[in-house]
Amino acid sequence: MSNSPPESVSPTYCAVCQTPAKLYCSACKLVKYCGAEHQKHHWKQHKTECRPFRVAKDKALGRYLKATRTIKAGSVVFTEMPIIVGPKWYLNEREEKVPVMPCVGCFTPCRMGVHHCPKCRWPTCSPNCGGLDNPSLHGLECTVLMLGPGPADSDPRSLIDYYRSDALVVLKCLLLQRQNPKKWLELMDMQSHEEERIGSELHNDAEKRIVSYLERNFLQRLKTVEQKQKQKYLQEYDTPVLHRICGIIETNYMCINLPSGVELSGVYYTACMMEHACQPNSYFQFDQRNGFKISVIAGRDIGRDEHLVIMYSNMLWGTQMRQEHLALTKHFLCKCARCLDPTEFGTHFSSMLCMGDEGGSCDGIHLPKDPLDVKSDWACTKCPITISGDEVRYILTQMTEEVESLLTRKPTVKKLEGLIEKLTKFLHPHHYHLFNLKHTLIQLYGTETNYLLKHLDDALLNRKMYLCEELYGTCQKLDPNTIRLSIYVGIILYEMHAVLTERAKRLLTNPKRSKGETIEALSYLELAREQLLKAAKILEKELDNVAGSKLSDAVLKSLNELDNLVKKSDQ
């Protein structure tokens, strides 16, 4: 036990006898005891709640989680049920134009205007969906949705305008006042960045997309019903409260990806306190079968007093993209080690090549003078040339459009090679744009009709391996414990195995091969097996999603085929 109080815990009483106490549980520092006897007495009850971290507070970070003891890699740090789970918070342009939304009863994708809840008429996968009467899913909100006027007609645009699935998240939050007052208080205790949001793009978007929509269609009607019945259904649902909830969701929500491809939004009281870093030490998984319970898992060994850190952005974005995303959605500027390093751990993931001046070319690299400033000038590492942040943004915007345009269509080897050759004149070979293009290319080498693996010449086979090794090296620097890049690394290792196996087959199919060549072929197969085993291990945390499960199946199938090939070669 410790005599020093943790930063965010106020004086309290012994968990057993309720007398004033000064000694904390040394493991979690969440409860106090008057002495060792009562701690032993309470342990049977407390051990299921004892967590290897405590909530701490910092002026800059706000509340965060701090390890109170060493946590081993792979350990479940804690589990937690959500405050609320609802449809996707931000719909992209395509989603806003398609009359499809998650069923209000079970979140299964369903088409608007086909099946609906018999009471409120909102879209559902079936009129008999089991979630319609469940108060934790649709049962409670249905009462309010019944007050709505319904869509103007059956036209797809009218259906899309009326059935705003993203607004259901806020309505679900409001209804916690009736359903679960404790969770309502927890929700209202979370960070909302209300002051920063006022007048911002996010605030204006929430007003148009959520607040005015709910008030116009449901909440004004609810107020009329309350006045007639002289009874309050909800205590708080005025405009400031709605905007506060929007801010809480924007700041804290987590994406929950279902096997069906549907993305949901979840808010968790403790998990959402975890701070962000662009090289996290933890990751999380969701249990859909158990009310979307979250499990926070140590991605590596975490030492005592270390902060528990997850990542709220995309690890394969450059620093400026990550900073802009975090500033817009989470209202903070990341100052982690990766963001402070202009080279991003030596990967040069955002670096550009210096083109020199009119007098000649330069083989230097352009880096931002201040990587935390999106408007920072970029300076060459070898010559005096500097380019403005605006110029860099303009160049990268053009490149982004070109890269995304190619990748969203069906890219071919020739088109990918052409764009890689073009961008390599301006970008560092490890730049994030080139990473994405090359990661796609290594998968097409061996699968595209004119580039099947058995037809690749040695030069192309070697190029495929070179690209795999290059991409793998970048991933190891950005995510050395493969906490966030499991799928990407799994694919790279799988493609490495494909090259090694093909090299072995070419040696083994030669009837005049020497003993040395047979030994070389078997060594290739052993290396291929090692890559597959690494991939299988890495993908264990991804088995709950479609891409991870599919890739894992391919890896296991290839392991079986590889073992058969080794047996055959021994005969």
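When a residue number appears, it is its place in the shown sequence, counting from 1.
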Kindly compute the distance separating CZ (R51) from CZ (F78), expressed to the nearest 0.5 Å. 6.0 Å
What pairs with N290 under side chain to side chain contact (heavy atoms under 4.5 Å, CB included), at least two apart in sequence or on another chain? D287, K293
Those residues at least two apart in sequence (or on a different chain) that pass ring pair (Phe, Tyr, Trp, His ring centres under 6.0 Å) with Y268 are F286
So, using ring pair (Phe, Tyr, Trp, His ring centres under 6.0 Å) as the criterion, who are the partners of H38 when residues are at least two apart? none
Take atom CD in Q398; do more than 12 heavy atoms of anything else shown fall under 6.0 Å from it? yes
List for me each residue that meets side-chain hydrogen bond (donor to acceptor under 3.5 Å, both in side chains) alongside E306, sequence neighbours excluded, and say none if there are none. R300
Approximate separation, where rounding is to 0.5 Å, of S126 OG and H115 NE2: 6.0 Å
Cation-pi, Y283 ring and K541 (6.0 angstrom, 45 degrees): yes
Give a yes or no on this: more than 12 heavy atoms of other residues, nucleotides or ligands lie within 6.0 Å of atom CZ of F284. yes
So, Y33 versus H42: side-chain donor-acceptor pair below 3.5 Å or not? yes
Output for pair (I160 CD1, E95 CD), nearest 0.5 Å, gives 11.5 Å
Would you give the length of the straight line joining atom CG of N281 to atom CD1 of I302, rounded to the nearest 0.5 angstrom? 4.0 Å
For H325, which residues count as a ring pair (Phe, Tyr, Trp, His ring centres under 6.0 Å) partner, sequence neighbours excluded? W317
Nearest-0.5 Å distance that lies between atom NZ in K550 and atom OG in S552: 13.0 Å
For residues 149-162, which residue pairs qualify under side chain to side chain donor-acceptor pair (under 3.5 Å), counting only residues two or more places apart or in two chains? R157-D161
Scan the side chains in residues 215-224 for donor-acceptor partners under 3.5 Å anywhere in the protein, sequence neighbours excluded, and list what turns up.
from : atom 1 : to   : atom 2 : distance (Å)
E215 : OE2    : T239 : OG1    : 2.5
R216 : NH1    : S212 : O      : 3.4
N217 : ND2    : Y213 : O      : 3.0
R221 : NE     : N217 : O      : 3.1
T224 : OG1    : Q220 : O      : 3.1

Considering residues at least two apart in sequence or located in another chain, which fulfil the side-chain hydrogen bond (donor to acceptor under 3.5 Å, both in side chains) criterion with K59? none
As an exercise, state the distance from CG of L478 to CD1 of I483, rounded to the nearest 0.5 Å. 12.5 Å
With H116, which residues qualify under ring pair (Phe, Tyr, Trp, His ring centres under 6.0 Å), at least two apart? none
Answer yes when E250 and K330 have at least one side-chain N-carboxylate O distance shorter than 4.0 Å, and no when they do not. no
For residues 269-278, dump all side-chain donor-acceptor pairs below 3.5 Å to protein atoms at least two apart in sequence or in another chain.
from : atom 1 : to   : atom 2 : distance (Å)
Y269 : OH     : R63  : NH1    : 3.2
Y269 : OH     : D189 : OD2    : 2.6
T270 : OG1    : E80  : OE2    : 3.3
E275 : OE2    : H307 : ND1    : 2.5
H276 : ND1    : Y312 : N      : 3.0

D166 vs R209, salt bridge (Lys or Arg N to Asp or Glu O under 4.0 Å): CA-CA, chis, key distance, verdict: CA-CA 8 Å; D166 45 359; R209 181 168 61 94; 2.9 Å; yes
Applying side chain to side chain contact (heavy atoms under 4.5 Å, CB included) to C173 and I249, what does each step give before you reach the verdict? CA-CA 9 Å; C173 288; I249 295 169; 4.1 Å; yes
Among residues two or more places apart or on two chains, list those pairs meeting side chain to side chain donor-acceptor pair (under 3.5 Å) that have a residue in residues 127-139. H138-E141
Sorted by chain and number, sequence neighbours left out, side chain to side chain contact (heavy atoms under 4.5 Å, CB included) with A535 holds for L493, V555
Tell me whether E201 at atom CD has more than 12 heavy atoms from other residues, nucleotides or ligands lying less than 6.0 Å away. no
